[in-house]
Number of protein chains: 2
Amino acid sequence: MDHTSLPTEPATSRTTAPRLRRLSLYEVVAERLREMVLEGELPPGSRISEKRLCESFEVSRTPLREALKVLANEGLVELLPNRGAKVTEVDPQAVADLFEVMAELEGLSGRLLAERADETAIAEVRELHERMLDHYRRQERQDYFALNQRLHRRLTEIAGNGVLLELESSLTVKVTRARYAANLQLGRWEESAREHAEILEALEARDAVALSRTMRDHMRRTGEAVLQGLGVNGSPDKK
Amino acid sequence: MDHTSLPTEPATSRTTAPRLRRLSLYEVVAERLREMVLEGELPPGSRISEKRLCESFEVSRTPLREALKVLANEGLVELLPNRGAKVTEVDPQAVADLFEVMAELEGLSGRLLAERADETAIAEVRELHERMLDHYRRQERQDYFALNQRLHRRLTEIAGNGVLLELESSLTVKVTRARYAANLQLGRWEESAREHAEILEALEARDAVALSRTMRDHMRRTGEAVLQGLGVNGSPDKK
DNA sequence: ATTCTGCATTTTGAATTCAAAATACACGAA
DNA sequence: TTCGTGTATTTTGAATTCAAAATGCAGAAT
């Protein structure tokens, strides 16, 4: 092989002077792979050729394989015995199940929030909400979505249950993937913004029941929208 | 180095004739490691020396490191940058958080069960319950515990939400660890058996509200018992 | 005595090498 | 022609090797 057996820089930016980098190679690879799967650059069901990916990333197979193990645990790829890896399919039933669970967890999050959010936290959430509304009015889709993720994450942080936070983070990865797969440009903006307003209201009132319900329902409706985007007809009977 | 550079068998049993084995080496290693962590053979907080483990397992570092990545995702070990791995501590707050989430998920499971369990499934659960009672009467701790795990898993299977099932499986690993750490020999047997009876009753009545509540509360009480075993005083205020 | 510096040793991170399994393909028999 | 069988090629699984980072320690300077 070649790639000039210099102790070459890992092909990152050159301009940053002191190079603060920490971060194992497999983490970088995992991050990039995750992106590729989420955005459909690696389409669902496609086989992953280790060799090709190694070449395109310019890394050896060791860190790539380690990264694949991480992605497998996240459910983004499947590891087949002696036959490599493939990108997992987006099964509508699994997506429905996912949102069912997420909705329940959001409900828990709401209940905890009502108990544990102090004035500072509420003010912070309110501010995030206002900024989202700005993006909404300007129809800045990317920014809106990014803030949306951040708001939801922040809410769970404030809820103060570390396990819940981790869980929601990892499930959010799958939600995001389902969203992409559904190509959700969503005319749900308006509805969603209204629901956020309700959530904020319940939070300010510290009404545990209302907060739990609104957050849960918000997630349910998001799920319904995503499933519609996946071409699932409304009837929610199993199998 | 030595260990006799023959193409030696991977040091598994010799007697089995046809060698049916499937299963990558890293999976075997992960399985064994998991056991060691769960049962405290590798105590919480202890550093893991790759070299020593490799020698004791008689495998090279590659599969061991892959296994460590898996365990890290399960939250059983922590990977430090350039400084190896250590077994995660059992933080009582994290355990409390864990049971808070598990209880909520059990509640969801119960609600779904009431909708989706058919006669056959209920009969099956009833039978498992009876067998548990037998073990209880005979004070067969191991068998009781094993069946307990199986019963709970089966219930979630019947609930029919794949994401929920996966989630509970992975969280159950942590629950088990907390249990061991608490050295829960439990005089909770009797109470637990009674709660199981209630659950079965609600299931047979297909009472969603009752089933959801009993399952949730059962998990909560288990959590309380474990936390007690960890030496946590009752007061449930944070931080 | 204490702290700092530089070197030796150990341990981890990643590339490479080697072996085993799976796949593709060509040839021959029915 | 079609179906098997055997062989070559490719791809994966795991061990080994090499390089970089961290750790431990001895000696010097204050």
Side-chain angles (χ1 to χ4, degrees), chain A residues 1-12 18-33 42 45-73 77-87, chain B residues 1-12 16 18-33 42 45-73 77-88:
Chain A
M1 196 133 294
D2 67 348
H3 69 79
T4 70
S5 61
L6 308 173
T8 84
E9 318 282 47
T12 44
R19 218 64 174 331
L20 186 50
R21 67 106 140 196
R22 252 344 55 192
L23 223 47
S24 296
L25 198 40
Y26 85 91
E27 291 176 288
V28 179
V29 172
E31 179 64 30
R32 178 83 187 98
L33 260 180
L42 291 173
S46 64
R47 279 283 295 281
I48 290 177
S49 159
E50 289 187 5
K51 192 147 71 89
R52 275 198 324 119
L53 271 186
C54 285
E55 283 162 10
S56 85
F57 287 168
E58 300 187 69
V59 299
S60 77
R61 283 173 54 216
T62 309
L64 175 65
R65 301 182 88 246
E66 291 180 346
L68 282 175
K69 250 118 218 132
V70 174
L71 278 271
N73 276 49
V77 305
E78 254 173 306
L79 265 30
L80 316 179
N82 284 318
R83 301 171 59 247
K86 72 183 244 280
V87 180
Chain B
M1 194 144 290
D2 66 348
H3 69 80
T4 69
S5 61
L6 307 172
T8 81
E9 317 282 47
T12 44
T16 52
R19 219 59 174 333
L20 186 50
R21 65 108 139 201
R22 254 342 55 194
L23 226 45
S24 295
L25 198 41
Y26 84 91
E27 292 176 288
V28 179
V29 172
E31 179 65 30
R32 178 82 188 97
L33 259 180
L42 291 173
S46 65
R47 279 282 296 279
I48 291 178
S49 158
E50 289 186 5
K51 194 145 71 88
R52 276 198 325 120
L53 272 185
C54 284
E55 282 163 9
S56 86
F57 287 169
E58 300 187 71
V59 300
S60 77
R61 283 174 56 217
T62 308
L64 175 65
R65 301 184 87 245
E66 292 181 344
L68 282 175
K69 250 119 217 134
V70 174
L71 277 270
N73 276 48
V77 305
E78 254 173 305
L79 265 30
L80 316 180
N82 284 317
R83 300 166 66 248
K86 72 184 248 269
V87 180
T88 55

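Protein chains get the first letters and strands the later ones, always in sequence-line order, with residue 1 at the start of each.
- Applying the salt bridge (Lys or Arg N to Asp or Glu O under 4.0 Å) rule to B:K86 yields the partners B:E78; only residues at least two apart in sequence or on another chain are considered.
- A close approach under 4.0 Å does not occur between any side-chain nitrogen or oxygen of A:T62 and OP1 or OP2 of C:dA14.
- Contacts of B:R83 classified as side chain to side chain donor-acceptor pair (under 3.5 Å), with partners at least two apart in sequence or in another chain: none.
- Between B:L23 atom CG and C:dA21 atom P there is a gap of 14 Å when expressed in whole angstrom units.
- Not counting sequence neighbours, the partners of B:E50 by the salt bridge (Lys or Arg N to Asp or Glu O under 4.0 Å) test are B:R61, B:R65.
- Residues passing the side chain to side chain donor-acceptor pair (under 3.5 Å) test with B:T88 are B:R177, sequence neighbours excluded.
- With sequence neighbours left out, the side chain to side chain donor-acceptor pair (under 3.5 Å) criterion links B:R32 to B:E35.
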Can you pull every protein N or O that's under 3.5 Å from an N or O on nucleotides 10-13 of chain D?
unit_1	atom_1	unit_2	atom_2	d
D:dG13	OP1	A:N82	N	3.3
D:dG13	OP2	A:R65	NH2	2.1
D:dG13	O5'	A:R65	NH2	3.4
D:dG13	N7	A:R61	NH2	2.9
D:dG13	O6	A:R61	NH1	3.2

